[in-house]
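Note that the structure is predicted; figures quoted are calculated from it, not measured. So you know, we letter chains A, B, ... as the sequences are listed, proteins then strands, and number each from 1.
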2 protein chains.
Amino acid sequence: MGFTKKHIFDKQQNDIATFTKMIGHPARVSIIQYISQNKDCNCNALVKAIGLAQPTISQHLGEIRKTGLLNQTVKGKSLFYSINQDKLNECRRVVNDFFVKTQVNCSK
Amino acid sequence: MGFTKKHIFDKQQNDIATFTKMIGHPARVSIIQYISQNKDCNCNALVKAIGLAQPTISQHLGEIRKTGLLNQTVKGKSLFYSINQDKLNECRRVVNDFFVKTQVNCSK
DNA sequence: ATTTTTTATTGTAATATTGCAATATCACGT
DNA sequence: ACGTGATATTGCAATATTACAATAAAAAAT
């Protein structure tokens, strides 16, 4: 196989998995951290800061973008990225909810 | 390639990625939820509840176990799983820390 | 118009992940 | 000892992911 049988799980479970999977690579963790720390961060800056090739960074940016976590602004030649704080909040809430519920259930 | 260049990232970034990657599959989300909700949960119960083949569930259990999130107790023929609450707490703290720091940085 | 800069896309290779059938293992009951 | 039940392991096929070189595209500068 190789593909995930998403249809046998509910939306909440798939949402939790989608968000955590998006974070589940150190390059993407690093990209999100860097963007949050640097206003006017473009792809080139990430390439220099992280040390992966430009297409690789671009690919990871695409993965993060798919979840809606990134805002983009064109300024001259550059494309500046920033964190979509609403989506970050949603992501945090979804993941935290999972932890809280799991912990509560454990303590019953 | 296909492999992750972990060495170019720091321990914290790799830890965040390792934990979130472990959660980043709906079957593993489902397994963790089910174990937390059912005392004396064994592999067979998960196979019936989730609807993936036994080797597949066993493989996912292995992935979760690698991070230390599972306790095991042998009782008769069965192997009962439960959540290691200390590790769950650590996992929650690591991931939440990532969200908090990212949010704080965004708001500067 | 040409060059430069920036980023995305395409193509490709290597590796990892997902899923299952078949099998092995190990403990219990007979 | 033998069969049964529970779980892990092995082997395999299909797909996904990671990484990068080469190329395309689009905007700004010369």
Would you mind writing out the side-chain donor-acceptor pairs for residues 17-24 of chain B within the sub-3.5 Å range, not counting sequence neighbours?
{"unit_1": "B/T18", "atom_1": "OG1", "unit_2": "B/N14", "atom_2": "O", "d": "2.7"}
{"unit_1": "B/T20", "atom_1": "OG1", "unit_2": "A/G24", "atom_2": "N", "d": "3.4"}
{"unit_1": "B/T20", "atom_1": "OG1", "unit_2": "B/I16", "atom_2": "O", "d": "2.8"}
{"unit_1": "B/T20", "atom_1": "OG1", "unit_2": "B/A17", "atom_2": "O", "d": "3.2"}

- Are the side chain of A/Q37 and the backbone of A/Y34 linked by a donor-acceptor contact shorter than 3.5 Å? no

- Message: Which residues in residues 19-32 of chain B have a heavy atom closer than 4.0 Å to any atom of DNA chain C?
- Response: B/K21, B/H25, B/R28

- Query: Looking at B/K39 and A/C106, what are the two nearest heavy atoms and their distance?
  - Reply: NZ-O, 3.5 Å

Gap between atoms [atom1] and [atom2], on [X] and [N] respectively (whole Å):
| X | N | atom1 | atom2 | value |
| --- | --- | --- | --- | --- |
| A/I64 | C/dT7 | CD1 | P | 15 Å |
| A/L46 | C/dA8 | CG | C1' | 14 Å |
| B/E63 | D/dT17 | CD | C1' | 14 Å |
| B/K75 | C/dC26 | NZ | C1' | 19 Å |
| A/K48 | C/dT6 | NZ | P | 7 Å |
| A/K6 | D/dT15 | NZ | P | 16 Å |
| A/I57 | C/dT7 | CD1 | P | 11 Å |
| B/F9 | D/dT18 | CZ | P | 11 Å |

Are any protein N/O atoms closer than 3.5 Å to N/O atoms in nucleotides 8-12 of chain D? If there are, list each pair with its distance.
{"unit_1": "D/dA8", "atom_1": "OP1", "unit_2": "B/R65", "atom_2": "NH1", "d": "3.1"}
{"unit_1": "D/dA8", "atom_1": "OP1", "unit_2": "B/Y81", "atom_2": "OH", "d": "2.3"}
{"unit_1": "D/dA8", "atom_1": "OP2", "unit_2": "B/S58", "atom_2": "OG", "d": "2.8"}
{"unit_1": "D/dA8", "atom_1": "N7", "unit_2": "B/Q54", "atom_2": "NE2", "d": "2.6"}
{"unit_1": "D/dA8", "atom_1": "N6", "unit_2": "B/Q54", "atom_2": "OE1", "d": "2.9"}

- Item | Rounded distance (nearest 0.5 Å) linking atom CG of A/L70 with atom CD1 of A/I32 | 7.5 Å

- Message: For the CG atom of A/L69 and the CD1 atom of A/I31, what is their distance to the nearest 0.5 Å?
- Response: 11.5 Å

- Quick one: label B/L52 by what it contacts on the DNA or RNA (base, sugar-phosphate, nothing), any heavy atom closer than 4.0 Å. sugar-phosphate

- Query: For A/A53 and A/G76, take the nucleotide of DNA chain D holding the closest heavy atom to each; which residue's nucleotide lies nearer the 5' end?
  - Reply: A/A53

- Think A/N44 has a side-chain N or O under 4.0 angstrom from the OP1 or OP2 of C/dT6? yes

Quiz: residues 73-83 of chain A side-chain donor-acceptor pairs under 3.5 angstrom, not counting sequence neighbours:
{"unit_1": "A/K75", "atom_1": "NZ", "unit_2": "A/D40", "atom_2": "OD1", "d": "3.4"}
{"unit_1": "A/S78", "atom_1": "OG", "unit_2": "A/N42", "atom_2": "ND2", "d": "2.9"}
{"unit_1": "A/Y81", "atom_1": "OH", "unit_2": "A/R65", "atom_2": "NH1", "d": "3.2"}

Review item, side-chain donor-acceptor pairs of residues 47-63 of chain B, under 3.5 Å, at least two apart:
{"unit_1": "B/H60", "atom_1": "ND1", "unit_2": "B/R28", "atom_2": "NH1", "d": "3.0"}

- Task: Give a yes or no on whether B/I8 and A/V29 share a hydrophobic cluster (residues Ile, Leu, Val, Met, Phe, Trp, Tyr; joining criterion: side-chain heavy atoms under 4.5 Å apart).
- Result: yes

- In terms of the nearest nucleotide of DNA chain C, which residue is placed more toward the 5' end: A/S78 or A/G2? A/S78

Taking distance alone, no hydrogens or angles, what donor-acceptor pairs closer than 3.5 Å link side-chain atoms of residues 89-98 of chain A to residues at least two apart or in another chain?
{"unit_1": "A/N89", "atom_1": "OD1", "unit_2": "B/Q103", "atom_2": "NE2", "d": "3.4"}
{"unit_1": "A/E90", "atom_1": "OE1", "unit_2": "A/K87", "atom_2": "NZ", "d": "3.0"}
{"unit_1": "A/R92", "atom_1": "NE", "unit_2": "B/N96", "atom_2": "OD1", "d": "3.4"}
{"unit_1": "A/R92", "atom_1": "NH1", "unit_2": "B/Q103", "atom_2": "OE1", "d": "2.5"}
{"unit_1": "A/N96", "atom_1": "OD1", "unit_2": "B/R92", "atom_2": "NE", "d": "3.4"}
{"unit_1": "A/D97", "atom_1": "OD2", "unit_2": "A/K101", "atom_2": "NZ", "d": "3.2"}

- Looking at the side chain of A/K77, which of D/dA27, C/dT7, D/dT15 is the nearest nucleotide? D/dA27

